[in-house]
Amino acid sequence: MRDVYDVVYKPVVTEKTTDQMEASIYTFVVNQRANKLEIAQAVEKLWDVRVMDVRTMRYPGKLKRAMMGRMTRSSAPGRRPSFKKAVVQLAKGEHIEFYEVG
């Protein structure tokens, strides 16, 4: 198994994921080559919780222009990086404290 910090990069904190935290569902940006078992083991080891379910999604990088709205010589196309997101459901009564909500 890889180091837990090589599997889980950072939490995704948005309005939607903050609402899901009340139901013990947390979202993380993870290593693109990590599988569901490695993600579950990393979350359990990092926060000492019990993981019930892991769902993963891959997002391809989008094409972007260097200068938005202007056509100049330096407006060569670029690409945002691709990433993988994992939605982790914890056992009933378990929670992770990123920050205090409410």
Side-chain angles (χ1 to χ4, degrees):
M1 186 178 128
R2 300 172 210 177
D3 184 40
V4 292
Y5 296 106
D6 291 335
V7 175
V8 177
Y9 293 147
K10 63 183 179 180
V12 176
V13 181
T14 62
E15 197 169 340
K16 181 178 179 178
T17 60
T18 303
D19 289 340
Q20 289 178 338
M21 287 180 193
E22 295 174 7
S24 296
I25 298 173
Y26 296 87
T27 307
F28 301 97
V29 175
V30 296
N31 188 322
Q32 290 188 25
R33 299 192 65 185
N35 59 33
K36 292 181 180 186
L37 184 61
E38 288 176 331
I39 294 167
Q41 290 173 350
V43 170
E44 287 177 347
K45 190 171 182 182
L46 280 171
W47 287 284
D48 194 29
V49 293
R50 207 169 82 228
V51 174
M52 299 305 289
D53 186 36
V54 177
R55 290 169 289 179
T56 58
M57 292 146 271
R58 290 177 180 264
Y59 290 92
K62 296 180 180 179
L63 287 174
K64 293 292 174 184
R65 287 198 317 235
M67 294 194 62
M68 296 297 195
R70 300 180 95 185
M71 293 303 289
T72 62
R73 282 188 217 170
S74 64
S75 64
R79 183 175 277 281
R80 285 186 184 169
S82 301
F83 66 97
K84 184 175 186 177
K85 188 167 77 171
V87 178
V88 178
Q89 183 173 3
L90 304 182
K92 192 170 185 174
E94 300 270 352
H95 70 281
I96 298 172
E97 292 188 27
F98 295 127
Y99 60 90
E100 285 297 318
V101 179

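Remember, predicted model here, so these are calculated numbers, not experimental data.
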Between [X] and [Y], is there a shared hydrophobic cluster once you connect ILVMFWY residues whose side-chain heavy atoms come closer than 4.5 Å?
{"X": "Leu46", "Y": "Tyr26", "value": "yes"}
{"X": "Val49", "Y": "Tyr5", "value": "yes"}
{"X": "Phe83", "Y": "Val30", "value": "no"}

Assess whether side chain to side chain contact (heavy atoms under 4.5 Å, CB included) is satisfied between Arg58 and Gln32, documenting all intermediate values. CA-CA 8 Å; Arg58 290 177 180 264; Gln32 290 188 25; 4.3 Å; yes
Kindly give the heavy-atom pair with the smallest separation between Gly61 and Ser82, and that separation in Å. N-OG, 3.0 Å
Nearest heavy-atom pair of Ala40 and Val51: which atoms, and what distance? O-CG2, 3.8 Å
Which pairs, with at least one residue in residues 46-56 and sequence neighbours excluded, count as a side chain to side chain donor-acceptor pair (under 3.5 Å)? none
Tell me every residue that passes ring pair (Phe, Tyr, Trp, His ring centres under 6.0 Å) with Tyr9, counting only those two or more places apart in sequence or in another chain. none
The side chain to side chain contact (heavy atoms under 4.5 Å, CB included) partners of Thr27 (sequence neighbours excluded) come to Val12, Thr17, Gln20, Lys85, Val87
Atom pair [atom1]/[atom2] of [X] and [Y] - distance to nearest 0.5 Å:
{"X": "Arg80", "Y": "Tyr59", "atom1": "CZ", "atom2": "OH", "value": "13.5 Å"}
{"X": "Ile25", "Y": "Asp19", "atom1": "CD1", "atom2": "CG", "value": "11.0 Å"}
{"X": "Met57", "Y": "Lys84", "atom1": "CE", "atom2": "NZ", "value": "10.0 Å"}
{"X": "Thr18", "Y": "Glu15", "atom1": "OG1", "atom2": "CD", "value": "7.5 Å"}

Go through the steps for Ile96 and Val43 under the test side chain to side chain contact (heavy atoms under 4.5 Å, CB included), then give the verdict. CA-CA 10 Å; Ile96 298 172; Val43 170; 4.3 Å; yes
State whether the side chain of Gln41 and the backbone N or O of Glu38 hold a donor-acceptor pair below 3.5 Å, judged by distance alone. no
Between Ser24 and Lys92, is there a donor-acceptor pair closer than 3.5 Å when you use the side chain of the first and the backbone of the second? no
